[in-house]
Engineer: 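Structure in structure tokens, see below.
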Amino acid sequence: MNILQEIFCDHFEEIEYTCHPRDVEMENIEKMIHCGDPSFGGALYCCPKCAQTKFVPFRCRSRFCPTCGALYSIKRTTAMSFKLIAAPHRHCVFTIAEELRSLFLVDRSLLSLLFSAVNQVISRLFYDLNHSRHFVPGFICVLHTFGRDLKWNPHIHCLVSEGGIDKFGLWRSVSHFNYSFLRHAFQTVLLNLLQQKLPPEFKRLKAAIYRNSKNGFYVYAKSNKCNPSSILNYIGRYLGRPVIATSRIDSYDKVADTVTF
């Protein structure tokens with residue numbers, strides 16, 4: 001049993017009855033706790049030559065599991081690598097105002113709007129290069145729901161090709177990304193999409209955000225000329241791992257009921 005399994009096993013009832021997690025969260029916690037447990041079954045292998053046998057317990061295949069999540073991440077990263085365009089890429093990060101975070105926490109279905117907003121903004125950025133030729137880039141978006149401080153902070157990591165293909169199949173390289181446009185456009189598009197989904201009371205919050213964020217939402221899109229394969233590995237870590245990696249946990253004190261990381 002690894003340290004994460006031990007922590008969640010010791011505090012299972014507390015999590016279930018005090019934290020009130022969603023059903024899908026409890027399902028993945030249970031899978032992670034029992035991952036590799038022989039009592040939940042496994043496969044028995046036998047060598048036809050020496051007759052030596054080996055029992056391998058079944059894994060949970062949950063993205064929340066530190067073991068199975070790593071394998072899931074590798075498979076997803078490999079699948080994405082086949083879709084990349086053979087061109088320089090830029091790693092962009094789209095963040096939201098702090099006032100909006102709680103809305104996405106209460107209603108997780110709103111997270112899909114982050115992808116829609118980034119899609120519209122990136123597509124518009126390249127379309128404005130030449131309306132008649134309509135350049136289309138290649139980009140991959142990944143949702144990350146927490147920041148370095150491990151607090152709820154949904155944002156989008158986007159790997160964008162530094163160039164696009166027009167309707168005639170011709171390629172145009174793009175080295176300049178309009179930073180100001182990305183900030184303001186992402187703010188406007190996302191707030192408009194949220195207004196379509198939320199009650200009329202959201203208009204008041206929307207107006208307050210415009211007043212407090214006059215420069216738009218923070219978007220990191222500076223030139224970084226990244227190697228697509230290395231950035232894919234970086235993004236891939238977000239696809240299948242728990243909020244905190246087991247390597248970051250220094251100790252777990254059951255008596256003091258504390259975790260040091």
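In what follows, every heavy atom counts, from backbone to side chain, and hydrogens, waters and symmetry copies are set aside. The shown structure was predicted, so the numbers you read here are calculated from the model rather than taken from an experiment.
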Engineer: With the side chain counted from C-beta on, respond yes when Val118 and Ile122 share a heavy-atom pair under 4.5 Å apart, and no when they do not.
Structural biologist: yes
Engineer: Identify the heavy atoms of Leu170 and Phe135 that sit nearest to each other, and give their distance.
Structural biologist: O-CE2, 4.1 Å
Engineer: If you define the side chain from C-beta out and look only at heavy atoms, does anything of Asp37 sit under 4.5 Å from His34?
Structural biologist: yes
Engineer: Between Lys167 (side chain only) and Val136 (backbone N and O only), is there a donor and an acceptor less than 3.5 Å apart?
Structural biologist: no
Engineer: Begin with the C-alpha distance, continue with both residues' side-chain angles, and end with the deciding distance and a verdict on side-chain contact (heavy atoms from CB on, under 4.5 Å) for Thr95 and Val93.
Structural biologist: CA-CA 6 Å; Thr95 67; Val93 183; 4.1 Å; yes
Engineer: Determine, using the 4.5 Å side-chain heavy-atom cutoff (strictly less than), whether Leu105 and Leu190 are members of one ILVMFWY cluster.
Structural biologist: yes
Engineer: Side-chain contact test, heavy atoms from C-beta onward, threshold under 4.5 Å: evaluate it for Val142 versus Leu159 and give yes or no.
Structural biologist: no
Engineer: Kindly compute the distance separating CG (Leu143) from CZ (Phe115), expressed to the nearest 0.5 Å.
Structural biologist: 4.5 Å
Engineer: In Å and rounded to the nearest 0.5 Å, what is the CD1 to CG distance from Ile156 to Leu114?
Structural biologist: 5.0 Å
Engineer: Could you state the interatomic distance from NE2 (His184) to NZ (Lys214), rounded to the nearest 0.5 Å?
Structural biologist: 11.0 Å
Engineer: Quick one: do Leu4 and Phe12 end up in the same hydrophobic cluster if we chain Ile, Leu, Val, Met, Phe, Trp and Tyr together by side-chain heavy atoms under 4.5 Å apart?
Structural biologist: yes
Engineer: Can you confirm whether Lys197 sits close enough to Phe202 that some side-chain heavy atom of one is under 4.5 Å from a side-chain heavy atom of the other?
Structural biologist: no
Engineer: Would you please say whether a donor-acceptor pair under 3.5 Å links the side chains of Ser62 and Asn28?
Structural biologist: yes
Engineer: Show your reasoning for whether side-chain hydrogen bond (donor to acceptor under 3.5 Å, both in side chains) applies to Thr188 and Asn192.
Structural biologist: CA-CA 6 Å; Thr188 300; Asn192 288 341; 5.8 Å; no
Engineer: What are the two closest non-hydrogen atoms of Ser123 and Asn119, and how far apart are they?
Structural biologist: OG-O, 2.8 Å
Engineer: Taking atom CD1 of Ile29 and atom SG of Cys9, what is their separation to the nearest 0.5 Å?
Structural biologist: 11.5 Å
Engineer: Starting from the C-alpha separation in whole Å, work towards a yes-or-no answer on ring pair (Phe, Tyr, Trp, His ring centres under 6.0 Å) for His155 and His157.
Structural biologist: CA-CA 7 Å; His155 55 281; His157 286 257; 5.1 Å; yes
Engineer: For Tyr45, does the OH atom have more than 12 heavy-atom neighbours from other residues, nucleotides or ligands under 6.0 Å away?
Structural biologist: no
Engineer: Taking Asp10 first and then Lys254, would you say they form a salt bridge - that is, a charged N and a carboxylate O separated by under 4.0 Å?
Structural biologist: yes
Engineer: Hydrophobic clustering (ILVMFWY, side-chain heavy atoms < 4.5 Å, transitive) - are Tyr127 and Tyr179 grouped together?
Structural biologist: no
Engineer: Phe94 pairs by ring pair (Phe, Tyr, Trp, His ring centres under 6.0 Å) with which of Phe186, Tyr218, Tyr220, Phe139?
Structural biologist: Phe186
Engineer: Can you tell if the side chain of Gln5 reaches within under 4.5 Å of the side chain of Cys35, non-hydrogen atoms only?
Structural biologist: yes
Engineer: What's the verdict on side-chain contact (heavy atoms from CB on, under 4.5 Å) for Cys65 and Lys31, showing C-alpha distance, side-chain angles and the deciding distance?
Structural biologist: CA-CA 8 Å; Cys65 175; Lys31 285 183 178 180; over 6 Å; no
Engineer: How long is the span from the CE atom in Met32 to the CZ atom in Arg59, to the nearest 0.5 Å?
Structural biologist: 12.0 Å
Engineer: Does the ring center of Phe8 lie less than 6.0 Å from the ring center of Phe64?
Structural biologist: yes
Engineer: If every non-hydrogen atom of Ser251 is compared with every non-hydrogen atom of Ile3, which pair is closest and at what distance?
Structural biologist: C-CD1, 4.4 Å
Engineer: Determine, step by step, whether Phe217 and Ile209 satisfy the side-chain contact (heavy atoms from CB on, under 4.5 Å) criterion, reporting the C-alpha distance in whole Å, the side-chain angles of both residues, the deciding distance to 0.1 Å, and the verdict.
Structural biologist: CA-CA 9 Å; Phe217 292 160; Ile209 290 175; 3.6 Å; yes
Engineer: Are Ile33 and Phe58 connected, step by step, through hydrophobic side chains (Ile, Leu, Val, Met, Phe, Trp, Tyr) whose heavy atoms are closer than 4.5 Å?
Structural biologist: no
Engineer: Write down the atom of Asn215, the atom of Arg183, and the distance for their closest heavy-atom approach.
Structural biologist: O-NE, 3.0 Å
Engineer: Working to the nearest 0.5 Å, report the span between CG of Leu193 and CG of Leu110.
Structural biologist: 10.5 Å
Engineer: Can you confirm whether Arg101 sits close enough to Asn153 that some side-chain heavy atom of one is under 4.5 Å from a side-chain heavy atom of the other?
Structural biologist: yes
Engineer: Kindly give the heavy-atom pair with the smallest separation between Ala87 and Trp171, and that separation in Å.
Structural biologist: CB-CZ2, 3.7 Å
Engineer: For Arg172 and Leu129, work out which heavy atoms get closest and say how close.
Structural biologist: NH1-O, 3.7 Å
Engineer: Ring of Phe177, cation from Arg90 - is the NZ or CZ under 6.0 Å from the centre and inside 45° of the axis?
Structural biologist: yes
Engineer: In plain terms, say whether Glu25 and Arg108 are close enough for a salt bridge, that is, a side-chain N and a carboxylate O under 4.0 Å apart.
Structural biologist: yes
Engineer: Indicate whether any N or O donor in one side chain lies under 3.5 Å from an N or O acceptor in the other, for His11 and Asp257.
Structural biologist: yes
Engineer: Would Arg248 count as a cation-pi partner of Phe261, with NZ or CZ less than 6.0 Å from the six-membered ring centre and within 45° of the ring normal?
Structural biologist: no
Engineer: In the structure I gave you, are the side-chain heavy atoms of Thr145 and Phe104 within less than 4.5 Å of one another anywhere?
Structural biologist: no
Engineer: Side chains of Phe126 and His134, heavy atoms from C-beta outward: is any pair under 4.5 Å?
Structural biologist: no
Engineer: One pair to check against side-chain contact (heavy atoms from CB on, under 4.5 Å): Asp166 and Asn130. What are the steps and the verdict?
Structural biologist: CA-CA 9 Å; Asp166 66 7; Asn130 189 312; over 6 Å; no
